[in-house]
Q: 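Encoded as C-alpha coordinates, here's the structure I'll be asking about.
Note that these values count all heavy atoms, side chains included, but never hydrogens, waters or copies made by symmetry. Order of listing sets the numbers, starting from 1, for every ligand and every atom in it.
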Amino acid sequence: MAKRGLDDLDVEGKRVLMRVDFNVPLDKETGTKVTNDARIRAALPTIRAVLERGGRPILMSHLGRPKGKVVPAMSLKPAAERLAELIGVPVDMAPDCVGPEVEKMARELPPGRILMLENVRFHPEETKGDEEFAKKLAALGDVFVNDAFGSAHRAHASVYTVAKFLPAAAGYLLQKEIEAFERILEKPERPFVAILGGAKVSDKLPVIRNLLPRVDKLLIGGAMAYTFLKAQGLETGKSLVEEDLLEEAGSVKEEAASQGKEILLPKDHLVASSLDDEAGARVVEGAIPADQMGVDIGPATVEAYRSALRGAKTVLWNGPMGVFEKDAFAKGTLGVGKAVAESGAFSVVGGGDSVAAVEKLGLADSISHISTGGGASLELLEGKELPGIAVLPEKES
Ligand code: AMP
(Lines give C-alpha, C1' and ligand atoms only; values in the text may rest on other atoms or scores of the structure.)
Protein backbone atom coordinates (compact mmCIF):
# COMPACT_ATOMS: atom_id res chain seq x y z
CA MET A 1 0.00 0.00 0.00
CA ALA A 2 1.36 3.41 -0.93
CA LYS A 3 1.85 5.97 1.79
CA ARG A 4 0.30 9.41 1.74
CA GLY A 5 2.79 11.67 -0.03
CA LEU A 6 3.61 15.35 -0.05
CA ASP A 7 1.38 15.86 -3.11
CA ASP A 8 -1.62 14.58 -1.11
CA LEU A 9 -1.08 17.17 1.60
CA ASP A 10 -2.31 20.78 1.57
CA VAL A 11 0.72 22.86 2.56
CA GLU A 12 -0.22 26.34 1.37
CA GLY A 13 0.50 28.89 4.08
CA LYS A 14 1.31 26.07 6.49
CA ARG A 15 4.35 25.46 8.65
CA VAL A 16 5.71 22.21 7.24
CA LEU A 17 7.75 20.41 9.90
CA MET A 18 10.05 18.19 7.89
CA ARG A 19 12.42 15.42 9.05
CA VAL A 20 15.44 15.35 6.78
CA ASP A 21 18.66 13.37 7.00
CA PHE A 22 21.38 16.02 7.14
CA ASN A 23 23.73 13.70 9.03
CA VAL A 24 26.57 14.93 6.81
CA PRO A 25 30.35 14.68 7.27
CA LEU A 26 32.08 17.90 8.38
CA ASP A 27 35.73 18.81 7.74
CA LYS A 28 37.94 17.50 10.53
CA GLU A 29 39.99 20.66 11.04
CA THR A 30 37.36 23.32 11.64
CA GLY A 31 34.13 21.31 11.73
CA THR A 32 32.40 24.17 9.98
CA LYS A 33 32.24 22.91 6.37
CA VAL A 34 30.19 20.10 4.89
CA THR A 35 32.57 17.77 3.01
CA ASN A 36 29.89 15.71 1.25
CA ASP A 37 26.52 17.35 0.61
CA ALA A 38 24.83 14.37 -1.09
CA ARG A 39 22.26 14.00 1.70
CA ILE A 40 21.35 17.68 1.54
CA ARG A 41 20.97 17.51 -2.24
CA ALA A 42 18.77 14.42 -1.89
CA ALA A 43 16.21 16.43 0.13
CA LEU A 44 16.14 19.44 -2.23
CA PRO A 45 13.21 18.33 -4.44
CA THR A 46 10.91 18.00 -1.42
CA ILE A 47 12.02 21.28 0.16
CA ARG A 48 11.63 23.11 -3.17
CA ALA A 49 8.15 21.66 -3.69
CA VAL A 50 7.06 22.83 -0.24
CA LEU A 51 8.34 26.35 -0.98
CA GLU A 52 6.76 26.44 -4.44
CA ARG A 53 3.40 25.47 -3.00
CA GLY A 54 3.51 28.24 -0.41
CA GLY A 55 4.53 26.08 2.55
CA ARG A 56 7.02 27.26 5.16
CA PRO A 57 9.67 24.54 5.70
CA ILE A 58 10.91 23.91 9.22
CA LEU A 59 13.64 21.30 8.99
CA MET A 60 14.84 18.92 11.68
CA SER A 61 17.65 16.38 11.60
CA HIS A 62 20.29 14.70 13.68
CA LEU A 63 24.03 14.86 13.07
CA GLY A 64 26.40 12.36 14.63
CA ARG A 65 25.90 10.81 18.05
CA PRO A 66 25.98 13.61 20.66
CA LYS A 67 24.27 11.23 23.13
CA GLY A 68 21.67 13.66 24.45
CA LYS A 69 24.09 16.53 25.16
CA VAL A 70 24.88 19.77 23.36
CA VAL A 71 28.07 19.13 21.37
CA PRO A 72 28.94 22.29 19.41
CA ALA A 73 31.00 20.28 16.89
CA MET A 74 27.77 18.46 15.93
CA SER A 75 25.75 21.59 15.22
CA LEU A 76 23.63 21.61 12.06
CA LYS A 77 24.73 25.17 11.28
CA PRO A 78 27.20 24.12 8.53
CA ALA A 79 24.43 22.03 6.94
CA ALA A 80 22.05 25.03 7.06
CA GLU A 81 24.68 27.19 5.36
CA ARG A 82 25.26 24.60 2.63
CA LEU A 83 21.50 24.25 2.11
CA ALA A 84 21.16 28.03 1.65
CA GLU A 85 23.89 27.95 -1.02
CA LEU A 86 22.31 25.01 -2.84
CA ILE A 87 18.71 26.17 -2.77
CA GLY A 88 19.22 29.95 -3.11
CA VAL A 89 16.77 30.74 -0.29
CA PRO A 90 17.71 32.19 3.13
CA VAL A 91 17.95 29.59 5.89
CA ASP A 92 17.57 30.74 9.51
CA MET A 93 19.38 28.66 12.12
CA ALA A 94 17.46 28.02 15.33
CA PRO A 95 19.44 27.87 18.62
CA ASP A 96 17.66 24.62 19.61
CA CYS A 97 14.94 22.32 18.27
CA VAL A 98 12.29 22.98 20.96
CA GLY A 99 11.37 25.74 23.41
CA PRO A 100 9.72 29.18 23.39
CA GLU A 101 12.37 30.96 21.31
CA VAL A 102 12.23 28.30 18.59
CA GLU A 103 8.42 28.32 18.70
CA LYS A 104 8.49 32.07 18.09
CA MET A 105 10.89 31.66 15.15
CA ALA A 106 8.64 28.98 13.64
CA ARG A 107 5.48 31.04 14.15
CA GLU A 108 7.02 34.13 12.57
CA LEU A 109 8.84 32.38 9.70
CA PRO A 110 7.87 34.35 6.59
CA PRO A 111 7.05 32.60 3.29
CA GLY A 112 10.12 32.06 1.09
CA ARG A 113 12.47 31.32 4.00
CA ILE A 114 13.53 28.10 5.66
CA LEU A 115 14.05 27.44 9.35
CA MET A 116 16.66 24.82 10.32
CA LEU A 117 16.30 23.44 13.83
CA GLU A 118 19.37 22.48 15.86
CA ASN A 119 20.42 18.81 16.22
CA VAL A 120 17.49 16.82 17.68
CA ARG A 121 19.94 14.42 19.35
CA PHE A 122 21.15 17.20 21.66
CA HIS A 123 18.13 16.05 23.70
CA PRO A 124 18.17 12.56 25.25
CA GLU A 125 14.40 12.25 24.63
CA GLU A 126 14.94 12.07 20.86
CA THR A 127 16.37 8.54 20.66
CA LYS A 128 13.90 7.35 23.31
CA GLY A 129 10.98 8.34 21.07
CA ASP A 130 9.64 10.38 24.00
CA GLU A 131 6.01 11.54 23.54
CA GLU A 132 6.30 14.83 25.45
CA PHE A 133 9.36 15.81 23.44
CA ALA A 134 7.63 14.79 20.19
CA LYS A 135 4.65 17.00 21.15
CA LYS A 136 7.02 19.96 21.55
CA LEU A 137 8.41 19.27 18.08
CA ALA A 138 4.90 18.90 16.68
CA ALA A 139 3.97 22.31 18.16
CA LEU A 140 6.35 23.90 15.62
CA GLY A 141 4.41 22.76 12.56
CA ASP A 142 0.92 22.42 11.10
CA VAL A 143 1.80 19.30 9.11
CA PHE A 144 4.67 16.77 9.19
CA VAL A 145 6.63 15.45 6.22
CA ASN A 146 9.23 12.70 6.61
CA ASP A 147 11.96 12.70 3.98
CA ALA A 148 14.67 10.99 6.04
CA PHE A 149 14.92 7.44 4.71
CA GLY A 150 18.33 7.06 6.39
CA SER A 151 16.61 7.31 9.79
CA ALA A 152 13.34 5.52 8.97
CA HIS A 153 14.43 2.38 10.87
CA ARG A 154 14.58 4.36 14.12
CA ALA A 155 11.54 4.80 16.36
CA HIS A 156 12.90 8.18 17.41
CA ALA A 157 10.80 11.19 18.38
CA SER A 158 11.48 13.28 15.24
CA VAL A 159 11.06 10.29 12.91
CA TYR A 160 8.28 8.22 14.42
CA THR A 161 6.51 9.68 17.46
CA VAL A 162 5.94 13.16 16.00
CA ALA A 163 3.94 11.64 13.13
CA LYS A 164 1.22 10.71 15.63
CA PHE A 165 0.50 14.34 16.48
CA LEU A 166 0.24 16.03 13.04
CA PRO A 167 -1.23 15.26 9.61
CA ALA A 168 1.73 13.35 8.16
CA ALA A 169 3.08 12.35 4.76
CA ALA A 170 6.18 10.98 3.04
CA GLY A 171 8.45 13.36 1.13
CA TYR A 172 9.61 12.62 -2.42
CA LEU A 173 12.89 11.01 -1.35
CA LEU A 174 11.19 8.67 1.11
CA GLN A 175 8.54 7.80 -1.51
CA LYS A 176 11.24 7.04 -4.08
CA GLU A 177 13.06 4.75 -1.65
CA ILE A 178 9.85 2.92 -0.69
CA GLU A 179 8.90 2.43 -4.36
CA ALA A 180 12.36 1.13 -5.34
CA PHE A 181 12.45 -1.45 -2.54
CA GLU A 182 8.84 -2.49 -3.15
CA ARG A 183 9.66 -2.99 -6.80
CA ILE A 184 12.51 -5.40 -6.04
CA LEU A 185 10.96 -7.15 -3.04
CA GLU A 186 7.32 -7.47 -4.06
CA LYS A 187 7.14 -7.76 -7.81
CA PRO A 188 10.64 -8.07 -9.24
CA GLU A 189 10.88 -8.46 -12.98
CA ARG A 190 12.77 -11.70 -13.63
CA PRO A 191 15.49 -12.76 -13.70
CA PHE A 192 16.29 -11.10 -10.36
CA VAL A 193 19.96 -11.29 -9.35
CA ALA A 194 21.17 -10.12 -5.95
CA ILE A 195 24.82 -9.50 -5.11
CA LEU A 196 25.81 -9.47 -1.47
CA GLY A 197 29.21 -8.66 -0.05
CA GLY A 198 30.80 -7.02 2.95
CA ALA A 199 32.53 -8.15 6.07
CA LYS A 200 30.18 -10.35 8.03
CA VAL A 201 27.81 -13.21 7.28
CA SER A 202 26.16 -12.55 10.64
CA ASP A 203 25.03 -9.10 9.42
CA LYS A 204 23.67 -10.45 6.16
CA LEU A 205 22.10 -13.82 7.05
CA PRO A 206 18.63 -12.32 7.70
CA VAL A 207 18.88 -10.55 4.32
CA ILE A 208 19.91 -13.76 2.57
CA ARG A 209 17.01 -15.66 4.13
CA ASN A 210 14.50 -13.00 3.12
CA LEU A 211 15.90 -12.65 -0.41
CA LEU A 212 16.31 -16.35 -1.29
CA PRO A 213 12.64 -17.01 -2.10
CA ARG A 214 12.55 -13.80 -4.20
CA VAL A 215 15.72 -14.00 -6.29
CA ASP A 216 16.75 -16.26 -9.15
CA LYS A 217 20.46 -16.04 -8.36
CA LEU A 218 22.50 -14.85 -5.40
CA LEU A 219 26.13 -13.86 -5.94
CA ILE A 220 28.28 -13.67 -2.84
CA GLY A 221 31.59 -11.84 -2.42
CA GLY A 222 33.55 -10.00 0.26
CA ALA A 223 34.80 -11.57 3.46
CA MET A 224 31.45 -13.30 4.00
CA ALA A 225 32.17 -15.58 1.03
CA TYR A 226 34.91 -17.39 3.00
CA THR A 227 32.49 -18.65 5.65
CA PHE A 228 30.40 -20.17 2.85
CA LEU A 229 33.48 -21.62 1.14
CA LYS A 230 34.82 -23.09 4.38
CA ALA A 231 31.41 -24.61 5.05
CA GLN A 232 31.90 -26.47 1.74
CA GLY A 233 35.25 -27.77 2.90
CA LEU A 234 37.53 -25.33 1.07
CA GLU A 235 40.80 -24.22 2.68
CA THR A 236 40.45 -20.50 3.44
CA GLY A 237 43.84 -19.78 5.07
CA LYS A 238 43.82 -16.62 7.17
CA SER A 239 40.66 -15.21 5.56
CA LEU A 240 37.93 -13.84 7.82
CA VAL A 241 35.66 -16.75 8.69
CA GLU A 242 32.83 -16.80 11.22
CA GLU A 243 33.39 -20.29 12.62
CA ASP A 244 30.16 -20.25 14.62
CA LEU A 245 28.16 -19.76 11.43
CA LEU A 246 29.66 -22.54 9.33
CA GLU A 247 26.71 -24.84 9.91
CA GLU A 248 24.16 -22.14 9.12
CA ALA A 249 26.01 -21.13 5.97
CA GLY A 250 25.89 -24.75 4.86
CA SER A 251 22.17 -24.99 5.53
CA VAL A 252 21.50 -21.79 3.55
CA LYS A 253 23.19 -23.38 0.54
CA GLU A 254 21.02 -26.47 0.95
CA GLU A 255 17.89 -24.36 1.28
CA ALA A 256 18.80 -22.54 -1.92
CA ALA A 257 19.30 -25.79 -3.76
CA SER A 258 15.93 -27.12 -2.56
CA GLN A 259 14.26 -23.94 -3.83
CA GLY A 260 16.01 -24.30 -7.19
CA LYS A 261 18.00 -21.12 -6.57
CA GLU A 262 21.63 -20.69 -7.45
CA ILE A 263 24.12 -19.29 -4.94
CA LEU A 264 27.38 -18.39 -6.69
CA LEU A 265 30.60 -18.20 -4.67
CA PRO A 266 34.01 -16.90 -5.77
CA LYS A 267 36.09 -19.43 -7.69
CA ASP A 268 39.30 -17.42 -7.61
CA HIS A 269 40.62 -14.94 -5.08
CA LEU A 270 43.04 -12.11 -4.70
CA VAL A 271 45.09 -13.08 -1.67
CA ALA A 272 47.72 -11.30 0.43
CA SER A 273 49.63 -12.12 3.60
CA SER A 274 47.77 -9.38 5.48
CA LEU A 275 45.39 -6.48 4.89
CA ASP A 276 48.48 -4.23 4.59
CA ASP A 277 50.32 -6.39 2.08
CA GLU A 278 49.17 -4.55 -1.05
CA ALA A 279 52.44 -5.23 -2.87
CA GLY A 280 52.29 -8.99 -2.26
CA ALA A 281 48.75 -9.54 -3.61
CA ARG A 282 48.27 -12.37 -6.11
CA VAL A 283 45.45 -14.37 -7.62
CA VAL A 284 44.82 -17.98 -6.61
CA GLU A 285 42.19 -20.44 -7.77
CA GLY A 286 40.39 -22.73 -5.36
CA ALA A 287 42.10 -23.27 -1.98
CA ILE A 288 43.69 -20.32 -0.20
CA PRO A 289 47.23 -21.02 1.15
CA ALA A 290 47.52 -21.24 4.95
CA ASP A 291 49.59 -18.04 5.28
CA GLN A 292 47.34 -15.96 2.98
CA MET A 293 43.96 -14.25 3.29
CA GLY A 294 41.33 -13.47 0.66
CA VAL A 295 41.08 -9.71 0.14
CA ASP A 296 39.03 -9.55 -3.06
CA ILE A 297 37.30 -11.75 -5.61
CA GLY A 298 39.55 -12.77 -8.51
CA PRO A 299 39.23 -11.91 -12.24
CA ALA A 300 37.57 -15.21 -13.19
CA THR A 301 34.92 -14.59 -10.53
CA VAL A 302 34.31 -11.06 -11.83
CA GLU A 303 33.76 -12.60 -15.28
CA ALA A 304 31.44 -15.28 -13.87
CA TYR A 305 29.40 -12.66 -11.98
CA ARG A 306 29.28 -10.46 -15.08
CA SER A 307 27.80 -13.41 -17.05
CA ALA A 308 25.33 -14.11 -14.25
CA LEU A 309 24.15 -10.52 -14.50
CA ARG A 310 23.69 -10.64 -18.25
CA GLY A 311 20.00 -10.61 -19.11
CA ALA A 312 18.93 -9.77 -15.55
CA LYS A 313 15.87 -7.54 -15.34
CA THR A 314 16.26 -6.70 -11.64
CA VAL A 315 19.54 -6.35 -9.74
CA LEU A 316 20.21 -5.59 -6.11
CA TRP A 317 23.75 -4.91 -4.87
CA ASN A 318 24.71 -4.54 -1.24
CA GLY A 319 28.27 -4.72 0.09
CA PRO A 320 31.74 -4.63 -1.48
CA MET A 321 33.43 -7.70 -3.01
CA GLY A 322 36.69 -7.06 -1.18
CA VAL A 323 38.70 -4.56 0.87
CA PHE A 324 37.89 -1.93 -1.75
CA GLU A 325 39.19 0.96 0.42
CA LYS A 326 42.66 -0.10 -0.81
CA ASP A 327 43.15 0.41 -4.53
CA ALA A 328 45.10 -2.83 -4.90
CA PHE A 329 42.10 -4.77 -3.49
CA ALA A 330 39.32 -2.86 -5.26
CA LYS A 331 39.21 -4.46 -8.72
CA GLY A 332 36.52 -7.01 -7.87
CA THR A 333 34.19 -4.39 -6.39
CA LEU A 334 34.76 -2.04 -9.31
CA GLY A 335 34.29 -4.86 -11.84
CA VAL A 336 30.99 -5.91 -10.29
CA GLY A 337 29.88 -2.26 -10.10
CA LYS A 338 30.54 -1.90 -13.82
CA ALA A 339 28.67 -5.12 -14.60
CA VAL A 340 25.64 -3.89 -12.60
CA ALA A 341 25.68 -0.58 -14.46
CA GLU A 342 25.98 -2.33 -17.83
CA SER A 343 23.30 -4.92 -17.11
CA GLY A 344 20.49 -2.61 -18.24
CA ALA A 345 18.39 -4.05 -15.41
CA PHE A 346 16.37 -2.06 -12.87
CA SER A 347 19.21 -1.77 -10.37
CA VAL A 348 19.20 -0.83 -6.72
CA VAL A 349 22.42 -0.23 -4.82
CA GLY A 350 22.31 0.06 -1.04
CA GLY A 351 24.79 0.21 1.81
CA GLY A 352 27.41 2.94 2.26
CA ASP A 353 30.33 0.98 0.79
CA SER A 354 28.72 -0.16 -2.45
CA VAL A 355 27.31 3.35 -2.92
CA ALA A 356 30.83 4.76 -2.41
CA ALA A 357 32.18 2.30 -5.00
CA VAL A 358 29.53 3.30 -7.54
CA GLU A 359 30.34 6.97 -6.99
CA LYS A 360 34.11 6.38 -7.19
CA LEU A 361 33.55 4.70 -10.55
CA GLY A 362 31.36 7.53 -11.83
CA LEU A 363 28.58 4.99 -12.49
CA ALA A 364 25.86 6.66 -10.44
CA ASP A 365 23.93 7.73 -13.56
CA SER A 366 23.71 4.14 -14.80
CA ILE A 367 22.15 2.82 -11.58
CA SER A 368 18.36 3.06 -11.31
CA HIS A 369 18.25 3.75 -7.59
CA ILE A 370 21.05 4.52 -5.15
CA SER A 371 19.67 4.20 -1.66
CA THR A 372 20.41 6.96 0.84
CA GLY A 373 20.05 4.65 3.83
CA GLY A 374 22.51 1.92 4.83
CA GLY A 375 20.90 0.55 8.00
CA ALA A 376 17.38 1.36 6.80
CA SER A 377 17.87 -0.42 3.46
CA LEU A 378 19.31 -3.51 5.19
CA GLU A 379 16.28 -3.72 7.48
CA LEU A 380 13.92 -3.44 4.49
CA LEU A 381 15.88 -6.22 2.76
CA GLU A 382 15.50 -8.32 5.91
CA GLY A 383 11.74 -7.95 5.47
CA LYS A 384 11.28 -5.70 8.50
CA GLU A 385 8.76 -2.93 8.72
CA LEU A 386 10.46 0.42 9.39
CA PRO A 387 8.79 2.46 12.17
CA GLY A 388 9.25 5.79 10.35
CA ILE A 389 7.36 4.41 7.35
CA ALA A 390 4.80 2.29 9.21
CA VAL A 391 3.58 5.30 11.22
CA LEU A 392 2.67 7.30 8.10
CA PRO A 393 -0.95 7.06 6.96
CA GLU A 394 -1.82 5.19 3.82
CA LYS A 395 -2.72 7.05 0.65
CA GLU A 396 -6.45 7.47 0.24
CA SER A 397 -7.64 5.81 -2.95
P1 AMP B 1 29.82 -4.27 5.44
O2 AMP B 1 29.81 -3.05 6.32
O3 AMP B 1 29.41 -5.52 6.11
O4 AMP B 1 29.14 -4.05 4.11
O5 AMP B 1 31.35 -4.52 5.12
C6 AMP B 1 32.15 -3.61 4.46
C7 AMP B 1 33.57 -3.86 4.81
O8 AMP B 1 33.92 -5.19 4.49
C9 AMP B 1 34.54 -2.98 4.05
O10 AMP B 1 35.16 -2.12 4.95
C11 AMP B 1 35.52 -3.95 3.44
O12 AMP B 1 36.86 -3.53 3.55
C13 AMP B 1 35.30 -5.21 4.25
N14 AMP B 1 35.69 -6.40 3.49
C15 AMP B 1 35.23 -6.81 2.30
N16 AMP B 1 35.88 -7.91 1.88
C17 AMP B 1 36.78 -8.22 2.83
C18 AMP B 1 37.76 -9.26 2.97
N19 AMP B 1 37.90 -10.19 2.02
N20 AMP B 1 38.48 -9.27 4.10
C21 AMP B 1 38.33 -8.34 5.06
N22 AMP B 1 37.43 -7.34 4.97
C23 AMP B 1 36.66 -7.27 3.88
Q: Within the side chain of Asp8, is there an N or O that forms a donor-acceptor pair under 3.5 Å with the backbone of Arg4?
A: no
Q: Would you call the rings of Phe181 and His369 parallel, tilted or perpendicular, where under 30° means parallel and over 60° means perpendicular?
A: perpendicular
Q: Between Leu63 and Leu76, is there a side-chain heavy-atom distance shorter than 4.5 Å?
A: yes
Q: Within 45 degrees of the axis of the six-membered ring of Phe346 and under 6.0 Å from its centre: does Arg183 put its NZ or CZ there?
A: yes
Q: Residues around ligand 1, heavy atom under 4.0 Å from any ligand atom, sorted by chain and number. Can you pull those?
A: Gly198, Ala199, Lys204, Gly222, Ala223, Tyr226, Leu240, Gly294, Val295, Pro320, Gly322, Val323, Glu325, Asp353
Q: Return all side-chain donor-acceptor pairs below 3.5 angstrom for residues 297-307, not counting sequence neighbours, or 'none' if the list is empty.
A:
from   : atom 1 : to     : atom 2 : distance (Å)
Thr301 : OG1    : Lys267 : N      : 3.0
Thr301 : OG1    : Asp268 : N      : 3.1
Thr301 : OG1    : Asp268 : O      : 3.2
Thr301 : OG1    : Asp268 : OD1    : 2.5
Glu303 : OE2    : Arg306 : NE     : 3.3
Tyr305 : OH     : Ile220 : O      : 2.6
Tyr305 : OH     : Leu264 : O      : 3.2
Arg306 : NH1    : Glu342 : OE1    : 3.4
Ser307 : OG     : Glu303 : O      : 3.0

Q: Could you tell me whether a side-chain N or O of Arg56 sits under 3.5 Å from a main-chain N or O of Leu109, the two making a donor and an acceptor?
A: yes
